[in-house]
Amino acid sequence: MPSRRAMLRGVGAATAVGLAGCSVLDRGVEGYVQLKSIFGIDADNEDGSDEYVVSVRLAGSPDSEPPELTQHDDRWVERFDDPRRPVVSDALHADLEREYDDLQYLVGVCSPAWADDGESIGCYNVRPRARTSTRSRSTSASARPRTAPPSRSTRPTASGRSSPPRTRPDAAASKTLLPAQRLDASVSEYGFELSLCAHLERERDGVLARQLGGGVHAPGNRVLDVVHVEPGPGLDERAAITERRIPDPAIRGPAGPGRARPWRDALPDGLRDENARRIADACVDRGFFERERRGSREYLRQTARYPDDWFGRVLAVENKPDLGTPGALERQLRLDVSLALVDEVVLATESHVTGAHLNRIPSEVGVWRYHPESDALEVVREPEPLAVEDSGVELLDEQPARTDVAVVDADEKRGARRRLAERAYGKGWRTYDLPGCERVTPDASAVADHAALPYCAYHDRVVDPARDCGVDCPGHRPTDAPDVDLAAERDAHGAWVRDPDGRRTRQSGLDAFE
């Protein structure tokens with residue numbers, strides 16, 4: 001029987017497929033992969049909808065048409081060497097797990113051997129290492145199954161599409177099934193970004209994070225390179241609760257530390273029961289909710305009052321080391337100023353900044369010139385405070401003849417700022433793993449003696465392990481990965497507290513896991 005790795009070799013690759021643990025697929029048959037999808041599930045999405053990371057499908061058999069990229073998120077699609085044939089590296093998988101509360105891989109496989117009477121092709125949607133599979137029927141008598149085979153256990157979301165069953169895949173299995181590949185992308189901006197974060201962590205108090213959604217109604221439309229959250233009076237109270245992000249519906253809900261409520265009453269109205277359950281379980285797991293049983297009923301209460309004043313001003317930094325290739329820089333900065341979700345916006349660059357450069361970006365945007373080699377930061381222009389307490393305008397979609405925007409009122413912005421601060425607290429900026437290569441050292445003393453940046457002697461710069469390391473690199477010399485505890489680094493040099501004692505009043509009983 002072929003391996004699971006073979007089954008995911010590539011979209012459209014004809015191969016014998018089979019899954020252990022799936023009784024209906026326990027025999028090898030000739031077929032092909034028709035569909036690959038990766039979904040991120042976020043507890044803050046109150047309608048329970050999933051977010052596509054990437055989704056690819058064939059129109060039919062492997063020889064008919066090239067793979068089609070049907071859905072993707074701009075935040076992630078650049079991390080794939082070829083998004084139409086997605087391969088997830090270990091580092092990307094780790095980043096996805098940090099970003100989402102749940103992560104799901106789905107593969108659609110088709111074979112003539114699975115056809116029912118009157119059909120020529122039968123298809124299944126399967127989840128790596130899952131114990132179940134979902135049958136997808138093709139009603140066409142031709143050799144081409146439907147392009148998006150429906151599953152009996154899928155459900156419609158608010159957007160009208162169907163999402164796969166919510167069985168969480170095994171993380172190790174996902175990384176084994178989708179092995180690492182080097183990505184052919186520039187990493188100069190990546191090294192610049194890490195070095196700047198190390199500098200800011202040393203010079204400023206608070207919380208730093210990278211690559212966070214910077215919108216309100218469409219967070220993925222604008223990704224903020226670096227976010228700095230200043231500490232507020234309640235930071236110590238917040239840090240004592242949990243090291244992870246607290247889902248916003250739980251913060252806004254009626255639950256409190258005073259008394260326990262029936263579990264569904266502890267969360268806001270309007271949530272789908274499935275999403276409410278996920279949020280409740282996540283909050284118990286993270287120590288924000290405490291669960292108890294009274295007979296057959298489940299009750300929840302907060303372990304502590306949520307300190308709304310734990311964070312102060314929020315700064316967003318847009319990194320563009322080379323102003324000679326600005327891309328959509330001016331447009332991105334104008335969007336940030338128009339929405340005014342953060343208190344200040346800064347452009348960080350290594351280039352010489354001229355008056356013409358300053359004239360082309362909004363006057364509210366500050367400008368820093370930063371040199372990673374010398375760790376020197378020059379303030380070219382101070383940022384102006386943005387009107388975070390007023391309404392803002394958010395760009396939703398832009399087409400040649402049409403632009404969709406949304407007016408975001410002050411209350412919506414306050415909630416979005418809290419979500420942004422929580423994401424920053426839970427994620428941080430060390431979202432990489434040091435690779436197992438003799439030429440990558442776990443420090444960059446010229447930049448910051450406390451930051452284990454992935455400096456590569458072969459490339460003579462800080463590298464992105466997910467994109468620039470691995471067997472495809474001509475300078476690769478395999479060895480064991482350095483024994484570096486990045487979480488301990490963050491705990492020692494920032495406001496984030498690792499593994500706090502928490503505020504639980506009693507240990508959860510075994511009935512919490514029924």
Side-chain angles (χ1 to χ4, degrees), residues 41-48 100-102 206-207 216 229-312 314 388-389 409-427 495-514:
I41 304 172
D42 190 342
D44 283 345
N45 289 349
E46 299 184 23
D47 62 358
Y100 297 106
D101 294 293
D102 202 357
V207 174
V216 178
V229 180
E230 290 186 356
L235 176 59
D236 290 343
E237 296 177 47
R238 167 61 186 87
I241 299 173
T242 177
E243 66 184 27
R244 301 176 66 186
R245 174 173 61 90
I246 301 175
D248 197 67
I251 298 172
R252 294 187 291 99
R259 68 181 180 89
R261 298 171 180 263
W263 82 269
R264 191 59 187 86
D265 295 341
L267 293 165
D269 294 334
L271 292 176
R272 296 176 52 178
D273 286 347
E274 183 180 5
N275 202 38
R277 168 52 65 190
R278 186 188 308 115
I279 294 170
D281 290 345
C283 289
V284 171
D285 180 60
R286 299 173 193 189
F288 185 58
F289 280 173
E290 195 167 40
R291 175 186 282 142
E292 64 182 69
R293 296 280 186 181
R294 299 177 186 176
S296 62
R297 301 192 69 186
E298 176 185 343
Y299 287 75
L300 297 174
R301 71 171 187 86
Q302 286 185 14
T303 58
R305 180 188 66 83
Y306 182 82
D308 288 300
D309 61 348
W310 77 262
F311 66 95
V314 181
V388 294
E389 297 297 332
D409 63 33
D411 287 341
E412 290 176 312
K413 284 168 64 172
R414 274 191 290 273
R417 283 167 57 82
R418 183 176 60 231
R419 292 194 297 272
L420 181 64
E422 277 292 333
R423 285 186 178 276
Y425 190 89
K427 185 177 184 180
W496 178 79
V497 176
R498 181 185 191 181
D499 194 20
D501 293 335
R503 299 301 194 194
R504 297 181 193 270
T505 59
R506 65 180 180 85
Q507 186 175 5
S508 295
L510 291 178
D511 59 351
F513 302 97
E514 293 179 352

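Note that the structure is predicted; figures quoted are calculated from it, not measured.
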Could you pull out all donor-acceptor pairs under 3.5 Å where a side-chain atom in residues 254-263 meets a protein atom, sequence neighbours excluded?
{"unit_1": "R261", "atom_1": "NE", "unit_2": "P254", "atom_2": "O", "d": "3.1"}
{"unit_1": "R261", "atom_1": "NH2", "unit_2": "P254", "atom_2": "O", "d": "3.3"}

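Between E237 and W310, every side-chain heavy-atom pair lies at or beyond the 4.5 Å cut-off. Residues R238 and I246 meet the side-chain proximity criterion, which asks for heavy atoms closer than 4.5 Å. Considering only heavy atoms from C-beta on, D248 comes within 4.5 Å of R418 through its side chain.
Looking at W496, its side chain never comes within 3.5 Å of a backbone N or O of V207 through a donor-acceptor pair. R286 places a side-chain N or O within 3.5 Å of a backbone atom of R245 that can act as its donor or acceptor partner. Side chain of E290 to main chain of T303: no donor-acceptor pair is present (N/O by atom type, distance under 3.5 Å, no hydrogens or angles).
Residues satisfying the side chain to side chain contact (heavy atoms under 4.5 Å, CB included) criterion with R264, sequence neighbours excluded, are L267, L271, D273, A276. Annotation: side chain to side chain contact (heavy atoms under 4.5 Å, CB included) contacts of P231 (sequence neighbours excluded): D205, L235.
Applying the 6.0 Å contact sphere to CG of D236 captures no more than 12 heavy atoms from other residues, nucleotides or ligands. Counting heavy-atom neighbours within 6.0 Å of R294 CZ, excluding the residue itself, gives a total above 12.
Atom CZ of R423 sits about 9.0 Å away from atom CG of L420, to the nearest 0.5 Å.
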